[in-house]
K.L.:
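First the structure, then my questions, so here it is.
In what follows, chains carry the letters A, B, and so on, assigned in the order in which the sequence lines appear, proteins first and then strands, with residues in each chain numbered from 1.
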2 protein chains.
Amino acid sequence: MINYKLLTNCPIFKGINEIELKSLINQIHYQVRIHKKNDVVAIAGDPVKNLYIILSGSVKGEMIDYSGKTIKIEDIDAPRPLATAFLFGKENTFPVTVTASNDVEILSIPVGEFLNLLQKNKHILKNYINNISSRSQFLSRKLQFLSFKTIKGKMAHYLLQQAGTHLHSVELNTTQQQLAELFGVTRPSLARVLAEMQDEKLITIERKTVRLLDKGELGKIIHHG
Amino acid sequence: MINYKLLTNCPIFKGINEIELKSLINQIHYQVRIHKKNDVVAIAGDPVKNLYIILSGSVKGEMIDYSGKTIKIEDIDAPRPLATAFLFGKENTFPVTVTASNDVEILSIPVGEFLNLLQKNKHILKNYINNISSRSQFLSRKLQFLSFKTIKGKMAHYLLQQAGTHLHSVELNTTQQQLAELFGVTRPSLARVLAEMQDEKLITIERKTVRLLDKGELGKIIHHG
DNA sequence: CTGAAAATGTATCAGATGTTACAAAATGAT
DNA sequence: ATCATTTTGTAACATCTGATACATTTTCAG
């Protein structure tokens with residue numbers, strides 16, 4: 001039995017009331033699948049032919065590296081949808097292996113049926129498109145950040161972003177170690193770069209306060225180290 | 001005047017014939033905007049409130065290329081759409097500044113009208129969703145590669161992924177240059193690593209065929225160079 | 001088949017970052 | 001205030017990658 005009230009909280013069905021949703025769902029074909037704790041729901045590489053929405057319980061996405069170790073990527077719990085970005089497009093396969101963290105019920109709507117839903121209801125259409133668009137934008141920003149090759153570039157970008165347009169100083173509320181991890185570099189390397197940036201009169205650091213001495217020059221650095 | 005025949009080649013309108021398309025377009029509100037060469041069409045940060053499709057001419061966007069390094073000029077010419085990933089979602093702003101490479105005509109469809117189109121025509125709906133989904137998948141894949149620190153790690157991951165569980169050889173249907181761009185590294189660096197991996201008896205390369213000699217060892221390499 | 005263009009192999013050098021190690025300084029609990 | 005712990009500064013060296021250049025091989029159109 002589907003808990004429609006819970007389902008109205010699913011991002012895909014936002015803005016639709018319980019009665020309306022029930023009527024919509026009953027117009028289409030769907031299945032509800034039940035998996036026990038630790039069952040494998042989908043294996044990385046499996047084709048994605050349905051929209052999956054967690055009705056109860058939660059699942060986790062894991063990548064299995066080639067040494068056999070599993071690395072957890074993310075947890076998804078009710079009433080969130082699964083792999084929405086892989087239902088369409090060129091590569092309709094699960095990017096990760098999905099296993100049940102505990103007993104789960106999963107609503108499974110075939111892609112063709114879901115397309116009908118999208119055409120029938122403008123809320124669902126907008127929600128779904130917003131969902132995958134936001135994901136795309138998120139990835140785009142993340143990629144932009146990683147695309148700064150040098151530590152100096154990452155640091156310049158970080159400082160300018162923190163400072164915004166007006167401020168000329170930034171309070172670091174993290175240790176160098178944490179910042180180094182955010183950038184994916186080692187702590188001594190980050191410290192060295194910070195020292196260099198001070199030598200070059202780009203910034204001064206006092207305790208946790210970083211003063212930006214030359215925002216223009218910092219901006220230039222971003223893209224070429 | 002809109003060249004509908006050309007417009008049927010737009011990815012968004014694929015699968016729709018000229019007559020049908022003309023009828024669809026005439027059911028909605030739209031504008032055709034004309035820009036002279038070197039005019040600024042949109043500034044990075046401007047809100048995206050319309051779907052823009054180049055009808056004639058071409059525009060260029062300054063953006064950070066996904067393979068990594070610096071600012072690169074992306075050209076978009078007729079009849080391709082513009083900034084499709086930013087029409088919906090949380091951040092509806094141009095990610096780049098767009099300028100006219102030569103005199104251009106741009107079809108401009110308000111987002112509300114475009115939503116109507118999506119609901120009216122299943123081809124357009126599928127095309128558009130496929131378009132943004134593919135983009136999302138592309139970005140996702142890029143990010144995955146960037147998460148491996150060394151080129152050898154990226155290459156090992158790529159080969160094992162291509163080969164899957166059973167195969168012991170992989171056909172490269174890309175050039176080294178394309179592969180290097182996918183990894184965000186330079187072509188000579190990639191070639192050097194490939195040579196090293198052959199020296200180390202991990203793989204052999206003959207033409208476009210790569211034989212994986214030691215999948216276990218390749219797996220170990222992934223996460224520590 | 002042939003010649004131009006594209007793709008690949010290789011080398012050298014410079015620069016950026018990781019690794020490791022240790023000392024100095026700051027922090028925080030008592 | 002004091003001492004243990006955490007954080008930061010710095011150094012020497014190894015390694016990886018980028019940049020650049022050029023020769024060689026492969027591909028493909030004519």
K.L.:
Distance alone, cut at 3.5 Å: any donor-acceptor contact between the side chains of S136(A) and S133(A)?
P.N.:
no
K.L.:
For N173(A) and dT27(C), what is the distance between atoms CG and C1' respectively, to the nearest whole Å?
P.N.:
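From N173(A) CG to dT27(C) C1': 17 Å.
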K.L.:
Given atom CD of E206(A) and atom P of dT8(D), what is their separation to the nearest angstrom?
P.N.:
15 Å
K.L.:
Is S189(B) near enough to dT17(D) that one of its side-chain N or O atoms lies under 4.0 angstrom from OP1 or OP2?
P.N.:
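No, outside the criterion.
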K.L.:
Inspect the contact between E196(A) and K152(A) and indicate whether a charged nitrogen and a carboxylate oxygen are less than 4.0 angstrom apart.
P.N.:
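A salt bridge links K152(A) with E196(A).
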K.L.:
Going 5' to 3' along nucleotides 3-9 of chain C, which nucleotides have protein heavy atoms under 4.0 Å from the base (write B), which only from the sugar-phosphate (write S), and which from neither (write -)?
P.N.:
----SBB
K.L.:
Measure the spacing between CD of Q137(B) and CZ of R135(A) and express it to the nearest 0.5 Å.
P.N.:
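With rounding to 0.5 Å, CD (Q137(B)) is 8.5 Å from CZ (R135(A)).
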K.L.:
What is the distance, rounded to the nearest whole Å, between atom CG of D199(B) and atom C1' of dA11(C)?
P.N.:
15 Å
K.L.:
Whole angstrom is fine here: how far is it from NZ in K152(B) over to P in dC16(D)?
P.N.:
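In whole Å, dC16(D) P and K152(B) NZ are 7 Å from each other.
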K.L.:
Using a 6.0 Å cut-off, check whether atom NZ of K126(A) has over 12 heavy atoms from anything other than its own residue.
P.N.:
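At most 12 heavy atoms, drawn from other residues, nucleotides or ligands, come within 6.0 Å of this atom.
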K.L.:
Whether the side chain of T8(B) engages the backbone of K5(B) through a donor-acceptor N/O pair (distance < 3.5 Å, no angle test) should be reported.
P.N.:
yes
K.L.:
Could you give the CD-to-P distance, from E196(B) to dA11(C), as a whole number of Å?
P.N.:
12 Å
K.L.:
Whole angstroms only, please: what is the CD1-P distance between I151(A) and dT17(D)?
P.N.:
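To the nearest whole Å, that distance equals 15 Å.
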K.L.:
In whole angstroms, how far is the C1' atom of dT17(C) from the CG atom of L190(A)?
P.N.:
12 Å
K.L.:
So F94(B) and Y52(B), would you call those rings parallel, tilted or perpendicular, with 30° and 60° as cut-offs?
P.N.:
tilted
